[in-house]
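When a residue number appears, it is its place in the shown sequence, counting from 1. Both backbone and side-chain heavy atoms feed into the values below; hydrogens, waters and symmetry mates do not. All ligand and atom numbering here is 1-based and tracks the order in the structure.
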Amino acid sequence: AIKGFVFDLDGVITDSAEYHYIAWKNLAAGLGIELDRAFNEQLKGISRMDSLNRILAYGNQSDMYDAAQKEALAQKKNDEYVKLIQQVTPADILPGISELFADLKAAGIRIALASASKNGPFILERLGLMAQVDTIVDPAELANGKPDPEIFLKAAEQLNLAPAECVGVEDAEAGIEAINRAGMFSVGVGTKEAMKDADYYVTSTQELKLSEILRRAS
Ligand code: B16
Ligand code: MG
């Protein structure tokens, strides 16, 4: 039986991707690299430093900065991102998520957060959802980012559950791969094409219904 749900944050609980995009776009522009939304898709679910590395590669600037300079660039992006997320309120919870959380609580199913974002706890706090989340994986403690299954395996461990007792919910292709490799039932939010490897997918968070997910997962 399913006893835990493991959620990605950005793109599933709230749309912080837009703020990541603005902050990366501005940083890249300062380096003479122009980013668009299509490219931004590749940054979803990817850690801060991996995102910077992809942007530098995209601009053919991979060898132009040493580790310390890259740290400074990543820090600069994060400073702007942190400023932007100060505006987050409970109104920014994506449609259907509050209802899903309430249904999970009522069913006695525990909730974990598996976000690559080091700003995850701050955003949950701003959304007013901190009290409803049972455990949060600290991305700073992970050796490998998504699509490696580590973050989802850690979430199951923190919930004291076997991966097979958990459902993972993601909007990124790398995230679905991570859930599948962890041995959880994967639920995707996105297009059919992007979510082709998900065990079950919906096109918007509004369609995430506990009864339907449990029916599919069993
Ligand atoms: P930070 P998720 C991810 O969140 C974002 O999708 C990704 O764009 C971001 O680079 C990453 O978190 C790291 O975030 O710079 O705040 O530590 O989708 O895993 O919830
Ligand atoms: Mg995401």
Side-chain angles (χ1 to χ4, degrees), residues 5-28 35-58 70-88 92-94 97 111-127 129-130 133 135-142 144-155 168-179 182 186-191 194-195 197-198 201-205 208:
F5 264 53
V6 184
F7 286 90
D8 173 47
L9 178 67
D10 177 24
V12 173
I13 295 176
T14 191
D15 194 11
S16 34
E18 187 60 23
Y19 298 128
H20 282 296
Y21 177 58
I22 295 168
W24 281 128
K25 193 173 168 59
N26 290 339
L27 182 95
L35 300 188
D36 58 21
R37 283 177 194 280
F39 177 82
N40 189 55
E41 285 303 304
Q42 294 180 36
L43 303 181
K44 290 188 176 175
I46 304 299
S47 77
R48 199 180 304 166
M49 193 48 78
D50 287 347
S51 299
L52 176 64
N53 283 328
R54 285 189 189 208
I55 291 166
L56 294 177
Y58 180 70
K70 284 202 224 174
E71 275 304 334
L73 290 170
Q75 182 65 51
K76 192 174 168 200
K77 179 268 176 177
N78 192 58
D79 289 345
E80 181 174 9
Y81 179 71
V82 167
K83 270 187 205 146
L84 292 169
I85 59 177
Q86 304 300 316
Q87 324 165 13
V88 172
D92 295 307
I93 298 172
L94 284 169
I97 295 297
I111 297 173
L113 187 76
S115 169
S117 177
K118 291 174 180 161
N119 297 297
F122 176 81
I123 293 184
L124 276 190
E125 201 65 74
R126 294 288 314 160
L127 294 171
L129 291 176
M130 199 53 129
V133 172
T135 187
I136 299 174
V137 178
D138 180 359
E141 286 177 9
L142 303 172
N144 301 296
K146 302 166 188 176
D148 190 281
E150 186 179 7
I151 193 167
F152 287 96
L153 292 171
K154 196 82 204 297
V169 190
E170 262 285 354
D171 70 312
E173 288 182 49
I176 293 294
E177 185 181 335
I179 295 170
S186 57
V187 175
V189 181
T191 62
M195 294 297 115
D197 293 329
Y201 90 97
V202 293
T203 50
S204 92
T205 54
L208 291 169

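What sits closest to atom 15 (O) of ligand 1 on the protein, heavy atoms only, is Arg48 NE, 2.7 Å. Looking only at heavy atoms of the protein, atom 19 (O) of ligand 1 is closest to Ala116 N, 2.8 Å. Nearest to atom 2 (P) of ligand 1 among the protein's heavy atoms is Asp8 OD1, 2.9 Å. The protein atom (non-hydrogen) at minimum distance from atom 17 (O) of ligand 1 is Lys118 N, 2.7 Å. The single protein non-hydrogen atom nearest to atom 8 (O) of ligand 1 is Leu43 O, 3.1 Å, given as residue, atom name and distance. Here the heavy atom of the protein found nearest to atom 5 (C) of ligand 1 is Asp10 OD2, 3.3 Å. Scanning all protein heavy atoms for the shortest distance to atom 11 (C) of ligand 1 gives Ile46 O, 3.3 Å.
At a 4.0 Å heavy-atom cut-off, ligand 1 does not touch Val12 at all.
The N/O atoms of Trp24, backbone and side chain alike, include none that comes under 3.5 Å of an N/O atom in ligand 1. The N/O atoms of Asp171, backbone and side chain alike, include none that comes under 3.5 Å of an N/O atom in ligand 1. Considering backbone and side-chain atoms alike, Ser117 places an N or O below 3.5 Å from some N or O of ligand 1.
One finds an angle of 80° at the Mg ion (ligand 2) between OD2 on Asp8 and OD1 on Asp171, to the nearest 10 degrees.
Nearest N/O/S atom of Asp10 relative to the Mg ion (ligand 2): this is O.
Within the coordination shell of the Mg ion (ligand 2), defined by N, O or S atoms under 2.8 Å, Glu170 is absent.
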